Amino acid sequence: MTPARPTGEPRWLRWLLITVALAFLALNLALPLAAVFVEGLRKGVAAYAAAITTPDAISALKLTLTVAAIAVPLNIVIGLAASWAIAKFDFRFKSVLVTLIDLPFSVSPVVSGLIYVLLFGLQGWFGAALRDQDIQIIFAVPGLVLATIFITFPFVARELIPLMEEQGREEEEAALSLGASGLNTFWHVTLPNVRWGLLYGVLLCNARAMGEFGAVSVVSGHIRGRTNTLPLHIEILYNEYNFAAAFAVASLLAGLALVTLVLKSLLEWRFAGQLAGRGH
Amino acid sequence: MSVTASAVTKRFGAFTALDGISLEAREGEFLALLGPSGSGKTTLLRILAGLEFPDSGSISIGGVDMSESPARDRQVGFVFQQYALFRHMTVADNIGFGLTVRPRKTRPPRAEIDRRVAELLELVQLPALGGRYPAQLSGGQRQRVALARALAVEPRLLLLDEPFGALDAKVRKDLRRWLRAVHDRTGLTSIFVTHDQEEALDLADRVVVMDHGRIEQIDTPEQVWERPASAFVCDFLGGANRVMAQAVGGTIDIAGVRLPNRAPAMPDGPASAFIRPHEFALAEPGAAGIAVVLRRCLRTGAQAALETETRDGSVIEVTIAAPPEGLAPGAALVLVPQTVRAYPA
């Protein structure tokens with residue numbers, strides 16, 4: 001049997017590889033995801049609806065969205081600033097900064113959470129000072145936001161740094177020599193050039209911000225209706241052997257992730273077109 | 001507008017890119033900065049544009065000191081080697097950019113900007129391509145868009161960094177003529193950087209030859225070609241054969257042949273003599289001159305290019321207008337220099 005193309009592999013090999021890949025994905029990804037929805041709906045649609053509309057579930061959903069709504073925009077700004085500085089300027093300790101950006105990816109989320117407890121908890125470094133001012137960070141929304149920002153910081157910066165480095169400084173220099181102000185240059189040249197990469201980074205950042213468990217679990221205190229995000233709420237339901245409700249809420253979280261995933265795929269498709277059309 | 005650089009020095013860490021450079025481009029002049037890579041020519045161009053700042057020395061444009069002014073206040077058009085077109089904007093938006101981003105007070109009305117863009121598209125001979133994106137253009141077209149974009153803001157000075165560097169040979173030559181024509185029409189003082197001596201000599205009013213952050217020579221192309229100021233310049237212009245010689249009483253002695261020195265006068269002593277391939281005559285063995293053995297002979301019509309080898313093994317390239325018959329590899333010849341440029345060795 002001759003392959004159809006000079007670089008082509010025999011047909012049986014192609015099919016074997018595709019089958020292995022698909023079987024693995026079905027077993028490890030599609031099946032568990034389907035199980036979440038099936039288990040969630042096991043006791044019927046009414047029970048499902050009830051589980052995701054309990055005050056605790058709604059409060060958890062609201063809290064999750066609130067934390068993401070604060071953490072993601074802040075990370076966009078900080079991520080843009082950091083990648084701009086790293087990609088477009090030379091300064092001392094640049095490699096140290098690059099390594100620091102990766103830190104949240106390399107330390108365990110539990111450790112990330114503990115850092116904040118050590119800093120802002122009652123027995124922590126700033127604990128006494130904060131208590132005197134009547135400011136609560138740990139076991140409250142600020143702590144959740146801080147931990148989430150820490151965990152999700154690398155997504156935007158990691159996405160933008162290689163992109164900006166590849167694009168270089170020349171377009172910005174051209175804009176400046178044409179008389180544009182720094183702000184004009186940023187809005188009309190720098191930002192449009194990275195917009196798809198930025199959106200992609202924001203989506204990943206958002207997905208993680210909503211789904212983060214470890215770090216958030218440490219700083220949350222698990223106060224029902226007050227400091228429980230969706231992932232924490234799911235854990236509580238599960239530990240109470242309330243499987244149907246746990247899966248119902250889990251399906252809600254999985255649904256949010258799926259929406260993000262679809263958006264991401266759309267962007268990737270769009271982004272690839274732009275990259276391919278650039279022609280050098 | 002005239003431009004002056006006075007005693008400009010620029011270091012990057014331990015590397016001295018510019019070492020006390022002074023030069024002037026006169027009003028309406030087309031100046032070439034010529035030199036090998038690392039000679040500091042691009043750094044000088046970027047300093048003139050305000051994209052880099054000198055460690056010491058000053059820059060003035062039109063008689064006004066601009067040393068401290070940032071790029072956006074200098075009204076200097078800059079054409080980048082890789083063009084640096086805004087990739088997400090159409091050709092028309094690229095060209096109009098400099099006018100569009102002006103503060104409201106000085107910004108021309110939209111219709112005026114459109115008119116100016118159309119005019120420039122006409123000038124760079126791309127009238128139909130205003131709606132395209134840079135990625136959809138050829139290298140030569142991008143180059144012209146970059147030029148139109150720089151001209152749109154009516155700069156006082158035009159700077160071009162290796163304007164033909166990224167183009168293939170054919171396009172390069174066409175664009176060279178065209179750029180000169182545009183310069184002559186606009187009358188804009190222009191400075192361009194190149195490492196290609198042919199380009200510099202062909203295009204510029206005056207050529208600035210640079211090496212290691214210093215200026216070796218500033219002269220008209222003819223003077224640079226005829227009277228290179230230093231061995232470096234003579235060597236860099238290319239093609240010349242370098243042989244060892246002696247300077248004796250104002251003349252140059254090459255293997256017994258005495259010739260006047262075409263280069264600036266030098267003291268007596270050992271010299272590096274440069275002889276271009278067409279500056280030799282052939283003689284029979286035994287005559288005064290450089291004894292060589294013919295290695296290869298390439299006839300092109302009436303001319304012949306000879307590759308010869310001296311006794312010490314160095315190669316001398318010779319072109320002869322009317323080659324004698326029967327030249328075959330292995331033949332012993334004597335090369336008699338007719339013209340020489342010699343510098344202290």
Side-chain angles (χ1 to χ4, degrees), chain A residues 80 83-85 87-95 159-160 162-202 267-280, chain B residues 12-13 45-46 48-52 69-89 93-103 106-107 132-139 141-142 145-146 148-161 166:
Chain A
L80 260 174
S83 34
W84 166 271
K88 311 270 175 176
F89 300 98
D90 294 314
F91 50 89
R92 262 146 50 101
F93 309 120
K94 187 158 140 175
S95 57
E159 199 62 41
L160 291 186
L163 191 59
M164 283 184 166
E165 272 177 345
E166 190 233 311
Q167 291 177 348
R169 306 176 201 178
E170 282 205 339
E171 284 182 51
E172 278 87 3
E173 289 180 343
L176 292 176
S177 80
L178 290 167
S181 64
L183 199 62
N184 261 331
T185 303
F186 180 76
W187 276 116
H188 295 296
V189 177
T190 310
L191 202 54
N193 274 349
V194 298
R195 60 190 157 180
W196 295 112
L198 178 63
L199 266 172
Y200 182 55
V202 168
L267 284 174
E268 254 178 353
W269 169 71
R270 178 69 208 268
F271 193 36
Q274 201 188 38
L275 277 173
R278 214 160 58 211
H280 66 111
Chain B
F12 296 106
L45 202 72
R46 290 173 60 84
L48 291 175
L51 296 172
E52 307 273 359
S69 309
R72 65 192 204 92
D73 295 337
R74 291 201 188 184
Q75 285 179 272
V76 166
F78 199 100
V79 177
F80 291 82
Q81 187 175 1
Q82 302 292 336
Y83 321 128
L85 295 177
F86 306 129
R87 61 195 92 197
H88 62 281
M89 290 183 205
D93 288 342
N94 261 283
I95 297 176
F97 181 84
L99 300 173
T100 320
V101 296
R102 280 193 187 161
T106 54
R107 190 192 311 157
R132 296 256 189 108
Y133 284 88
Q136 299 167 311
L137 303 179
S138 72
Q141 290 171 332
R142 286 183 208 173
V145 174
R149 183 179 66 177
L151 292 175
V153 294
E154 286 170 349
R156 305 186 292 167
L157 172 68
L158 185 62
L159 304 175
L160 307 107
D161 187 9

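As the structure is a computational prediction, the values presented were derived from the model and not from experiment. Within every chain, numbering begins at 1; the chains are lettered A, B, ... in the order of the sequence lines, protein sequences first and strands thereafter.
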Atom of [X], atom of [Y] and distance for their closest heavy-atom approach:
X	Y	answer
B:Ala84	A:Glu171	O-CG, 3.7 Å
A:Ala180	B:Arg72	O-CD, 3.2 Å
B:Arg87	A:Asn193	CG-OD1, 3.3 Å
A:Glu170	B:Gln82	OE1-CB, 3.9 Å
A:Leu178	B:Ala150	CD2-CA, 4.2 Å

Problem set entry | Top contributor to chain A contacts, counting heavy-atom pairs under 4.5 Å, from B:Val101, B:Thr100, B:Leu99, B:Val79 |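 Greatest number of close heavy-atom pairs with chain A: B:Val101.
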
Problem set entry | Closest-packed option against chain A by number of heavy-atom pairs under 4.5 Å, given B:Ala146, B:Pro70, B:Ala71, B:Gly50 |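 Among B:Ala146, B:Pro70, B:Ala71, B:Gly50, the one with the most close pairs to chain A is B:Ala71.
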
[X] portion near chain A, given a 4.5 angstrom heavy-atom threshold:
X	value
B:Val76	backbone
B:Leu85	backbone
B:Phe97	side chain

Problem set entry | A:Ser177 OG to B:Arg149 CZ distance, which is reported to the nearest 0.5 Å |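 Interatomic distance, A:Ser177 OG to B:Arg149 CZ, rounded to 0.5 Å: 7.0 Å.
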
For this session: First locate atom CG of A:Asn184, then atom CZ of B:Arg102, and finally report the distance between them rounded to the nearest 0.5 Å.
Result: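 The CG atom of A:Asn184 sits 12.5 Å away from the CZ atom of B:Arg102.
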
Problem set entry | Side chain / backbone / both / neither for A:Thr185 at chain B, heavy atoms under 4.5 Å |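 Neither; nothing under 4.5 Å.
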
For this session: Evaluate the side-chain proximity of B:Phe78 to A:Glu173: yes if any heavy-atom separation is below 4.5 Å, no if none is.
Result: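 The answer is no, as the side chains (C-beta and beyond) never meet within the 4.5 Å cut-off.
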
